[in-house]
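What follows is one structure encoded as structure tokens, with my remarks underneath.
None of these values were measured; they are calculated from a predicted model. For ligands, and for the atoms within them, numbers begin at 1 and follow the listed sequence.
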Amino acid sequence: MSTFEISIKSDKDGFILLQCSLCGEFFKLLASDLNDESTLNIWCPYCGLNGKEYYTKEVLDMSMKMAKNEANRMMFNSLKELERKTKNNKFINFKVGKKPEMEVVSIIKPRIENMQIMKYDCCKTMAKIKTGSIVTGSYCPLCGGANFE
Ligand SMILES: [Zn+2]
Ligand SMILES: [Zn+2]
């Protein structure tokens with residue numbers, strides 16, 4: 001029996017997707033900042049408020065679906081393997097049905113794709129936020145300081 005864990009994966013730059021529970025906007029913070037014990041609070045870069053809940057239902061749903069897909073794929077592959085092994089066996093006739101349907105996990109993709117890295121000098125950190133908010137200004141996610149021109 002194989003096990004696999006559901007984890008929120010960081011992107012290739014080491015950022016983890018979060019969603020503000022207050023304004024509903026998506027942003028990404030460095031995994032290293034989120035794991036840092038000195039990071040006690042996170043301020044939303046858009047509304048500058050300190051929300052407690054940042055792991056979204058959508059993000060969790062997406063992880064659950066990815067895990068489910070992975071489980072289905074593993075199950076299907078091992079059944080296929082069994083089918084292959086019993087192919088020439090005249091006593092056992094084992095047939096695997098259709099490939100399981102994959103859950104669609106790309107729902108929030110378009111909303112998280114359009115982000116760019118914003119540097120915050122106050123805390124020497126970075127976040128990925130909506131391109132538009134880089135132009136208009138945002139709040140530092142670690143100290144809540146306003147970074148507006
Ligand atoms: Zn917000
Ligand atoms: Zn700061």
* Roughly how far apart are Asn72 CG and Asn77 CG, rounded to 0.5 Å? -> 10.5 Å
* Pick out which of Trp43, Phe148, Tyr46, Phe27 makes a ring pair (Phe, Tyr, Trp, His ring centres under 6.0 Å) with Tyr139. => Phe148
* Once you round to the nearest 0.5 Å, how far does CG of Leu142 lie from CD1 of Ile42? -> 8.0 Å
* To do: Kindly report the SG-the Zn ion (ligand 1)-SG angle for Cys44 and Cys20 respectively, rounded to 10°.
  => 100°
* **Whether over 12 other heavy atoms sit under 6.0 Å from Lys87 NZ** => no
* To do: Quick one: the SG of Cys47, the Zn ion (ligand 1), SG of Cys23 angle, rounded to 10°, please.
  => 120°
* Asked: Hey, what's the angle at the Zn ion (ligand 2) spanning SG (Cys122) and SG (Cys143), nearest 10 degrees?
  -> 110°
* At the Zn ion (ligand 2), what angle lies between atom SG of Cys140 and atom SG of Cys123, rounded to 10 degrees? -> 110°
